Every structure is written in structure tokens, then in C-alpha cells.
2 protein chains.
Amino acid sequence: MAVTIKDVAKRANVAPSTVSRVIANSSRISEKTKERVREAMKELGYHPNFNARSLANKSTSTLGIVMPNSAKIAFQNPFFPEVIRGISTKAYQEGYGLYLTTGQTEEEILEEVKQMVYGGRVDGIVLLYSRVNDKVMPFLIEQEFPFVLIGRPYNIDEDQVTFVNNDNYKAAKTVTEYLMLLGHERIGFIGGNLDYVVTVDHMRGYEQALNNAHIPIRQEYVVHHEEVKEGGQDAVIELMSIEDRPTALIVADDIMTFGVLRMLADMNVKVPQDISIVSFNNVMISELSSPTMTTVDIHIYELGFEATRCLISKIIEPDFGERKVIVPHRLIKRESCK
Amino acid sequence: MAVTIKDVAKRANVAPSTVSRVIANSSRISEKTKERVREAMKELGYHPNFNARSLANKSTSTLGIVMPNSAKIAFQNPFFPEVIRGISTKAYQEGYGLYLTTGQTEEEILEEVKQMVYGGRVDGIVLLYSRVNDKVMPFLIEQEFPFVLIGRPYNIDEDQVTFVNNDNYKAAKTVTEYLMLLGHERIGFIGGNLDYVVTVDHMRGYEQALNNAHIPIRQEYVVHHEEVKEGGQDAVIELMSIEDRPTALIVADDIMTFGVLRMLADMNVKVPQDISIVSFNNVMISELSSPTMTTVDIHIYELGFEATRCLISKIIEPDFGERKVIVPHRLIKRESCK
DNA sequence: CTGAAAGCGCTTACAG
DNA sequence: CTGAAAGCGCTTACAG
């Protein structure tokens with residue numbers, strides 16, 4: 001059997017409550033006693049039982065991470081490992097552990113979130129996506145459970161949720177303007193799943209920039225795909241089949257851009273000579289493509305880090321802390337635009 | 001306050017113990033009572049408290065995932081998301097949750113593992129790496145705590161640990177032989193960190209194949225790097241500076257190969273015309289390089305899935321179950337060899 | 001088939 | 001500064 005607080009108490013000749021206070025490093029215990037108790041803990045190899053603690057405390061020092069449905073698709077994309085790295089770093093610093101959802105469908109995930117919340121399995125949750133018509137967020141709001149969203153709430157009053165996001169609208173607008181500045185007028189747009197808010201924002205930015213320049217928006221220049229691998233490739237086929245081919249492409253995400261580049265190479269279309277490409281994320285590997293890609297660095301790590309910072313402060317003092325953090329983005333110019 | 005077993009008991013006019021038995025679906029409770037209790041649970045919106053359960057049960061239905069130190073480096077590589085996906089799938093199927101280490105250094109991680117084990121935070125652990133002189137594994141063995149290793153134990157009796165691995169030795173040997181069959185004799189080897197057992201195994205396979213063919217091993221043809229991005233690029237510089245340049249390269253991992261291809265392109269060395277390349281892993285994105293890469297598919301997802309299967313069976317019945325699973329590998333021929 | 005009671009290993013008012 | 005006791009929300013022998 002594991003050694004408990006009682007064993008330590010006996011050994012140190014004090015009451016269990018005293019041992020508990022020593023663990024919490026209460027100022028009401030004399031240094032002398034503390035020493036003695038700590039000695040006993042060492043000798044016996046005492047380690048606190050986490051579940052007992054959580055039960056008595058009603059707090060777990062654990063944060064839940066909720067991934068979008070279908071980790072299959074999600075994990076294809078280095079975005080997630082990188083946010084998690086940011087989350088992980090801050091969580092470690094503050095003494096929190098990490099608990100991961102494993103469900104694949106939306107219903108499974110909602111069920112898991114309910115378990116986390118009702119079961120007292122975590123103290124707070126970071127939501128790694130914002131999806132149109134998502135059910136997880138309304139649930140969390142209704143329960144008044146501490147959570148932070150990476151992304152932007154959609155169809156929900158912004159004041160009700162703490163979130164960390166990029167200005168994706170502006171990023172897409174800037175990128176479109178950048179391409180126009182380079183002389184492009186026929187600009188294609190390869191977006192992600194339209195259920196995700198980020199996709200919606202990208203679209204709006206793209207359209208706004210075009211509008212401002214009085215360039216008509218052509219529906220055939222806009223395609224959406226979820227799968228990053230096949231998605232990029234399929235999109236290229238669609239767009240390159242148009243008579244009036246675009247001379248520039250905005251791609252939702254770097255990994256998709258790999259697919260785009262691959263397919264373009266197969267078609268013997270040269271980048272950037274024949275077509276320019278800008279994408280989003282600046283994932284580590286994006287500087288290893290041929291040609292290297294021009295992309296918007298959205299500071300993924302920071303998104304995770306900041307989200308965790310906000311979440312923890314919300315757990316500790318629910319009524320203070322920022323409710324909204326916008327992480328700046330930056331256009332990284334490399335070889336794929338002309 | 002959350003609704004507890006007591007509230008349900010009152011509502012259903014039974015004792016708390018009966019409610020508990022209904023939750024566990026004990027066969028000793030009549031269907032009629034079960035119905036009544038379930039009704040009450042629904043009406044009150046009862047959800048079991050996870051920590052209380054774990055405490056009474058001494059089991060958590062949670063699996064710990066231990067990542068190699070420095071998630072920074074680890075998470076650059078799609079290997080990890082993909083194993084985790086495999087783990088996640090099986091864990092979900094069996095009703096287990098996932099808990100992640102967050103530490104960066106070896107000491108931090110060991111400390112976290114101790115907390116997991118002593119604190120009763122998880123029922124078992126899957127170790128995502130096997131490292132020479134690792135301290136985590138000896139600790140787990142000493143504690144007789146259920147764990148499974150993805151990789152191969154090193155300097156530890158194989159009978160003492162359950163592990164899931166590829167035959168990395170054979171894979172490297174085959175790959176080397178494949179290149180020799182294509183006519184190559186000057187074959188370079190770009191390996192990962194020599195602290196990892198997989199690297200050691202790759203090396204042995206490479207050397208063995210060369211030996212069998214009576215081709216002398218040249219130390220200058222062998223380089224090691226940990227960072228996948230810079231690593232690949234640095235390695236190329238080293239190898240291409242040799243007077244007697246290799247005509248083929250074996251690269252530890254696909255992402256590294258992206259760096260290698262990038263650098264080779266910068267140097268105007270054509271793949272596969274001037275130099276052939278084989279690598280390992282067959283990560284999703286590896287079919288998107290230019291040229292697409294020939295690589296060994298090690299079935300990463302399956303490694304995670306199998307490991308979790310073994311772990312759970314070990315938790316449930318410690319004395320049965322396989323102790324060793326070798327996941328087959330397969331050479332995927334694409335465009336990078338000639 | 002069901003209940004009363006003890007116990008899992010902590011924490012925390014309350015008392016002194 | 002320290003202790004005795006109650007409580008966190010479950011489970012599980014034991015008894016009937």
C-alpha cells in the first residue's frame with residue numbers, strides 16, 4: 001500500500017491535519033514542525049494522492065484540451081501540435097496538467113466535455129476551434145465553466161466568452177492587397193471548411209479587399225476543402241480548369257499549399273513565374289517547400305500560450321483578466337509570389 | 001452544488017449503495033429498481049464525480065502519455081501527432097481518457113511520471129520513445145507500474161517490458177540493400193539523435209548491409225542530427241563537401257528529408273538524377289515533396305493503437321497479454337530514387 | 001435483491 | 001501553533 005498522510009503523521013508524531021498543512025506550506029505551522037514532517041515524508045517516500053486531493057479540494061490542477069472532431073483531419077496539420085506546445089509550456093509553468101479529448105464525432109466530444117465538467121475532471125478547458133453551430137461552447141457558457149476559445153465566437157455574444165485569436169479578416173485582406181499590389185487581378189481563394197469561423201473570416205477579408213479595389217468577385221475562383229492533402233490538389237484542378245485561370249492563389253493553410261505546389265508541378269505550372277501563392281500559418285516546415293512559401297505567420301505557439309494564461313487567470317479569479325486577446329500576425333515573404 | 005449519489009438515492013427511495021450498483025449495472029439489482037434509479041438520475045441530471053470514483057476505486061480510466069523531452073523538437077515531427085491519434089482511437093474505444101506530460105527536460109518529465117504513478121493519476125503509461133540511459137523506464141519497472149514502450153528497450157532485459165516496435169534494424173538494412181541494388185556504393189547516412197534506440201538500430205542495419213556487400217563503411221558518410229529542419233540541411237552541407245560525394249542518402253525521417261531536398265535544390269543537385277534518397281516514416285506530407293519521396297512506411301498510427309491495446313490488457317490482467325509486438329514496415333517507392 | 005457502515009486519502013472549519 | 005472531527009462523493013465487503 002502506498003504511504004499516506006496518516007503514516008507520515010504517525011512517524012512525525014503529529015496529527016494528519018498538520019501534515020496536510022505542511023504540504024500546503026501553511027504559515028500557521030512552526031518551522032520546526034515543518035522540518036520534522038518533511039523529514040518523515042522523505043523517509044517514507046510520501047507522495048500525495050491526487051484523487052483524494054482533488055475530491056477534498058474540488059480542484060484538479062488539470063486543464064482539458066478539446067480538439068475539433070476527427071483528430072484524423074486535425075492532426076494532419078502541424079497547427080495542433082504547435083498550439084498544444086504553447087499550451088503545454090504555460091500549463092507546466094503554472095503547475096497544471098493536461099487532459100485530452102479522444103472523441104471523433106461532435107457528439108462524442110460533447111459527451112466527453114460533459115464528463116470533464118460534471119465529473120470534476122478538469123478545472124478549465126481550452127477549445128481549439130471555433131465552429132459555426134458548435135454545441136460545446138453554448139454548453140460551457142450555460143454551465144459557467146471556465147474556458148477559453150482559440151478562435152472567435154460565432155453567433156454568440158463576444159462578451160460572454162474569453163478568446164484568443166488572430167485578426168484573420170485583416171490578415172486575409174492584407175494578403176489579397178499584397179497580391180494586387182504585385183499586379184494580380186485574378187486571385188483564387190482556396191479555403192478550408194466553411195464551418196470553421198477562421199474560414200469565414202478569411203473569405204470576408206478576401207472579398208473586402210477585392211471590393212475596395214473594384215474587382216468583381218468571381219465565384220468560380222473560390223473553392224473550399226477540408227482535407228489538407230487531397231484538398232489542395234483537388235482545388236488546383238478545379239481552379240486551373242477555368243478558362244480565365246487565376247494568376248495568384250490564396251491558400252488556407254501551409255500544408256494545403258504543399259498539395260497545391262505538388263499538383264502545380266505536375267501540371268508544369270511554375271511558381272511564382274506562372275502563378276503566385278500566399279498561404280497562412282507559417283508552420284515550421286513551410287520554409288522547406290520548393291519554392292519556399294510566402295505565408296502569414298499567425299504565431300501558433302503564442303495562441304496556445306496566451307489562451308492558457310487567460311484560462312488559468314480565469315480559474316483563479318473568475319471576474320478579472322482579459323476577455324479577448326488578439327495575437328498579431330506577420331506576412332513572411334519568401335519565394336512563392338511575384 | 002452538483003447532484004450526488006445521495007440526491008438520486010433519496011429521489012428514487014433507495015440507499016446510496018443501490019444507486020452505486022445501478023451505475024455499475026450490477027446484476028444483483030432488479031430491473032425494476034434499476035429503472036427507477038435511472039429515472040431519478042435523468043430527472044436530476046446526475047453525473048458521477050470522477051475523483052470520488054477514482055479514489056474509492058483506485059483506478060482512473062486514464063492513460064498517461066509520456067513524450068520525449070523537449071516537445072519543441074518532438075512536435076516538429078508529425079510522428080507524434082500520428083501515434084497519439086492511434087492511442088487516442090483505442091483509448092476512446094475502451095473508455096479511457098488521456099493525460100499528457102508537459103515537462104521539457106528529462107528531470108521534469110521523470111518528476112511528472114512519478115506524480116502520475118504515486119499520485120494515482122493514471123492507470124498506465126505509454127512511453128513514446130526509447131532513449132539510451134533513460135531513467136523513466138527503470139523507474140516504471142521498479143514500481144511494477146503498467147506501461148508499454150513504443151520502441152525497444154535498451155540495456156534492459158526485454159522480458160521485463162512490453163513494447164511495440166518496428167524492426168528498424170531490418171528496415172534500414174533493406175533500404176540500404178535497395179540502394180545497392182540500384183547500383184549505389186557510396187551511400188550516406190543521415191541519422192537522428194544517437195541517444196534514441198531507433199537511431200542505433202538504423203545504423204546497425206545500414207552497416208550490416210554494407211558489410212554483407214563488402215563495402216567498407218566510411219565514417220565521413222555518416223552524420224547525426226536531432227533538429228529535423230536545420231538537421232537535414234546541415235547534414236547535406238557536410239556530406240556534399242566530401243570529395244567523394246555519396247550518390248545516395250538514407251535519411252532518418254521524412255521531415256528531415258524536406259530539409260535535405262531543399263538544400264540539395266539550393267545546391268543545384270538533382271534528385272534522383274544526381275543523388276537518390278530514401279527516408280523513414282511515410283508521414284502524410286511525404287507524398288507532397290518535390291520529388292515525392294521514397295520512404296519506409298512504419299505504420300505510425302498502428303504503433304499507437306497496438307501499444308494502447310497492449311497497455312489496457314496489461315492493466316486489466318497483468319499476467320497475460322503479449323509482451324512484444326512488431327508492426328511491419330513497408331518500402332513505399334516514389335520518385336526520389338534511381 | 002437491498003441497506004448500513006466503513007473506507008478511499010485528502011482538506012478545512014472549529015476549538016483550544 | 002496544533003488536533004479531533006466532519007466531509008468531499010464514491011465503492012464494497014458484510015449482513016440480512
Side-chain angles (χ1 to χ4, degrees), chain A residues 1-41 44-62 95 115-123, chain B residues 1-41 44-62 95 115-123:
Chain A
M1 280 284 64
V3 3
T4 75
I5 222 176
K6 278 189 183 173
D7 304 316
V8 176
K10 220 169 263 173
R11 177 96 173 200
N13 259 317
V14 294
S17 44
T18 302
V19 177
S20 175
R21 290 193 186 97
V22 173
I23 293 170
N25 200 14
S26 158
S27 58
R28 293 156 52 202
I29 304 290
S30 73
E31 271 311 318
K32 241 170 77 189
T33 316
K34 278 186 184 171
E35 267 319 303
R36 198 147 41 91
V37 171
R38 284 188 185 127
E39 185 73 11
M41 297 200 302
L44 297 176
Y46 170 78
H47 290 265
N49 178 298
F50 171 77
N51 297 117
R53 251 194 142 159
S54 300
L55 180 57
N57 262 342
K58 293 181 171 318
S59 100
T60 60
S61 294
T62 304
Q115 277 184 34
M116 288 194 208
V117 172
Y118 291 134
R121 204 158 181 161
V122 300
D123 294 347
Chain B
M1 278 288 60
V3 5
T4 75
I5 222 177
K6 279 189 182 174
D7 304 315
V8 176
K10 220 169 262 171
R11 176 97 175 199
N13 259 316
V14 295
S17 44
T18 301
V19 177
S20 175
R21 288 192 188 100
V22 173
I23 294 169
N25 200 15
S26 158
S27 58
R28 292 156 53 200
I29 304 290
S30 72
E31 270 312 317
K32 242 170 77 187
T33 316
K34 277 185 187 173
E35 268 319 304
R36 197 146 40 92
V37 171
R38 283 187 187 129
E39 185 73 11
M41 298 199 303
L44 298 176
Y46 171 77
H47 289 266
N49 178 296
F50 171 77
N51 297 118
R53 251 195 143 159
S54 300
L55 180 58
N57 262 341
K58 294 182 170 319
S59 99
T60 60
S61 292
T62 304
Q115 277 184 33
M116 288 194 208
V117 172
Y118 291 136
R121 204 157 182 164
V122 301
D123 294 348

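Chain A is the first sequence line, chain B the second, and so forth, proteins listed ahead of strands; every chain is numbered from 1. Heavy-atom basis, side chains included; hydrogens, waters and symmetry copies ignored. Computed from a prediction, not measured in an experiment: that's the story for all the values here.
Val14(B) comes within contact range of the sugar-phosphate backbone alone, with a heavy-atom separation under 4.0 Å but no base atom that close. Residue Arg53(B) is in sugar-phosphate contact alone, with no base atom involved, counting any heavy-atom pair closer than 4.0 Å across all strands shown. Residue contacts for Phe50(B): at a heavy-atom cut-off of 4.0 Å it reaches no nucleic acid atom on any strand shown. At the heavy-atom level, Thr4(B) lies under 4.0 Å from the strands shown only through sugar-phosphate atoms.
Between the Asn51(B) side chain and the Asn51(A) main chain, no donor and acceptor come within less than 3.5 Å of each other.
Residues Ser61(B) and Arg53(B) bring no donor and acceptor atom of their side chains to less than 3.5 Å of each other.
For residues 10-19 of chain B, the set of pairs meeting the salt bridge (charged side-chain N to carboxylate O under 4.0 Å, His left out) definition, not counting sequence neighbours, comprises Arg11(B)-Glu43(B).
Note: CD1 (Ile5(A)) to C1' (dT11(C)) measures 8 Å, nearest angstrom. dA13(C) atom C1' lies 14 Å from atom CG of Asn57(A), rounded to whole Å. Between Leu55(B) atom CG and dG7(D) atom C1' there is a gap of 12 Å when expressed in whole angstrom units.
Side-chain proximity of Ala52(A) to dT2(D), dG9(C), dA13(C): nearest is dG9(C). In the set dC8(C), dT12(D), dG3(D), dC8(C) carries the atom at the smallest distance from any side-chain atom of Lys58(B). Distances from the side chain of Tyr46(A) to the nucleotides dG3(D), dC10(C), dT11(D) place dC10(C) closest.
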task = Give DNA chain C the dot-bracket treatment, 5' to 3': Watson-Crick (N1-N3 with N6-O4 or O6-N4) or G-U (N1-O2, O6-N3) under 3.5 Å, [ ] crossing, | other strand.
result = |||.||||||||.|||
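Judged by distance alone with a 3.5 Å cut-off, a donor-acceptor contact links the side chain of Ser17(A) to the base of dA4(D).
For dC10(D), neither phosphate oxygen OP1 nor OP2 lies less than 4.0 angstrom from any side-chain nitrogen or oxygen of Ser54(B). For dT2(D), the OP1/OP2 oxygens have a side-chain nitrogen or oxygen of Ser30(A) closer than 4.0 Å. Between dG3(D) and Thr18(A), a contact under 4.0 Å exists linking OP1 or OP2 to a side-chain N or O.
Residues Ala56(B) and Arg28(B) each lie close to DNA chain D; by heavy-atom proximity, the contact nearer the 5' end of the strand is made by Ala56(B).
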